[in-house]
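Accompanying notes for the structure given below.
This chain uses plain numbering: 1 for the first residue, then up along the sequence. Numbering of ligands and ligand atoms starts at 1, following listing order.
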Amino acid sequence: MSQSSSPAPLRIALAGLGTVGGGVIRLIEANSALIARRAGRPIEITAVSARDRGKKRGVDLSPFAWEDDMVILGERADVDVVVELVGGSDGSALACARTTIEAGKALVTANKAMIAHHGLELAAKAEAAKVALKFEAAVAGGIPVIKGLREGGAANEFERVYGILNGTCNYILSTMEDTGRSFADVLAEAQAKGYAEADPAFDIEGTDAAHKLSILAAIAFGAKIDFASVETQGITRLLAADIAQADSLGYVIRLIGMAEGKGGKMFQRVQPHLVPFDHPLAHVDGATNAVVAEGNYSGRLLFQGAGAGDGPTASAVVADLIDIARGDIGAPFSVPVAELEEMPPADSGHRKGRAYIRFAVADRPGVLAELTAAMRDAGVSIESLIQKGNVDVTDEVLVAMVTHEGPESAVSEALRLLEGSPSLTAAPLVMQILGE
Ligand SMILES: NC(=O)c1ccc[n+]([C@@H]2O[C@H](COP(=O)([O-])OP(=O)(O)OC[C@H]3O[C@@H](n4cnc5c(N)ncnc54)[C@H](OP(=O)(O)O)[C@@H]3O)[C@@H](O)[C@H]2O)c1
């Protein structure tokens with residue numbers, strides 16, 4: 001009588017036992033039977049590493065081997081895959097990723113900073129070693145957007161991919177919108193509630209969204225990742241008045257990462273945008289993320305869901321592990337590194353659109369005429385203009401303009417003409433208006 005042998009488990013090591021690491025342990029424990037059925041074999045944690053061995057984590061670590069040095073997890077004989085959940089573009093996370101792949105083991109990571117900076121190097125190493133490198137959780141947390149583009153949308157050409165990629169900024173913006181409170185006030189509350197990091201710079205200055213955008217763009221366009229070329233403007237300069245004026249004009253403000261791949265060039269920008277009330281992204285509130293991809297056969301695809309948090313992010317990490325358990329290696333960026341297109345950055349000046357420009361100016365006669373003359377001389381046509389006293393600063397007036405459709409280069413030229421003008425009390429703020 002032949003004996004059926006059960007399939008060997010996929011043995012994983014976790015580097016990092018914080019929010020996401022803890023979530024992965026809980027998910028694998030709670031859903032172990034269904035994961036084994038779908039993956040064709042069990043997924044088992046064999047080893048773990050973090051900084052502080054004595055820390056209370058609310059999960060039982062006693063079944064797992066402990067390594068003080070996460071870098072050597074991949075060298076253990078009882079580990080098939082290392083899951084890097086530490087973070088940071090360089091340092092221990094990168095050393096761990098390199099060692100793991102060089103040891104011929106697969107790597108799963110949620111680390112967008114590391115993939116944005118070193119994704120190509122790691123992908124080339126993974127291809128050479130014929131091991132998987134997967135990073136679904138690095139973009140938009142629990143939303144399967146990388147799989148959506150790589151697999152479900154694989155037959156399409158994508159010219160544009162854009163979305164709301166940072167939950168902290170979206171929470172701040174939608175709370176400012178609901179309450180009329182200032183940016184600083186809402187940020188402080190978000191930090192107190194744990195929605196924003198103690199050092200929120202990466203989020204509010206747009207860097208985190210830029211990391212994610214560069215990864216999405218590379219996958220959508222089959223191009224070499226180019227984080228350095230992402231133009232990045234965060235939300236720190238937004239005033240409650242901008243939100244109120246946008247509202248009176250029929251828009252909400254959202255931090256949008258926008259990537260376009262056309263004519264062999266790639267445009268990537270993170271910037272607050274005015275989003276029309278009837279656009280699907282206008283209804284993405286709180287810490288939610290959403291990505292829109294426009295395929296030439298699929299039409300508009302909208303991916304929406306929780307962009308962070310232990311459960312959603314663990315869901316994306318474990319989906320990658322299930323793929324690996326099934327034997328899916330795949331090219332990390334959809335096509336092999338050597339075949340990724342070199343797409344130089346496109347200059348934003350070529351783009352056409354409508355813009356919102358907010359000036360803070362001295363409260364004296366002639367200033368409005370000076371602003372409108374600069375617009376006229378640069379060829380910018382003004383659709384509407386709102387002028388209001390700044391409640392926070394006496395002797396200062398806020399002038400908000402919405403332009404007709406025109407080249408972005410004309411708006412830049414108008415601002416250049418106004419540079420150094422004593423009438424301006426602060427640098428103007430420009431936000432694009434999201435089209436259809
Ligand atoms: N949190 C989210 O919702 C979310 C969503 C998507 C992606 N991500 C990404 O997931 C990764 C992890 O995020 P997280 O929120 O889980 O971070 P976290 O809660 O701060 O946890 C980080 C973990 O890494 C450990 N660690 C730090 N430096 C280490 C080192 N040198 N050696 C070994 N372990 C070290 C920490 O150890 P101790 O616990 O001992 O201090 C901690 O367990 C990051 O790349 C992040 O960008 C997070």
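With hydrogens and angles left out, the side-chain atoms of E189 and Y171 include a donor and acceptor closer than 3.5 Å. Donor-acceptor pairing under 3.5 Å is lacking for the side chains of T175 and D178. Looking only at atom types and distance, the side chain of Q268 has no donor-acceptor partner in the side chain of S229 under 3.5 Å away. Side-chain N/O atoms of S49 and E67 include no donor and acceptor closer than 3.5 Å.
In this structure, ligand 1 sits under 4.0 Å from heavy atoms belonging to G16, L17, G18, T19, V20, A50, R51, D52, K55, R57, M70, L85, V86, G87, S92, A110, N111, K112, A137, A308, G309, T313.
No side-chain heavy atom of R53 sits under 4.5 Å from any side-chain heavy atom of L61.
Using a 4.0 Å cut-off between charged nitrogen and carboxylate oxygen, E341 and K224 do not count as a salt-bridge pair.
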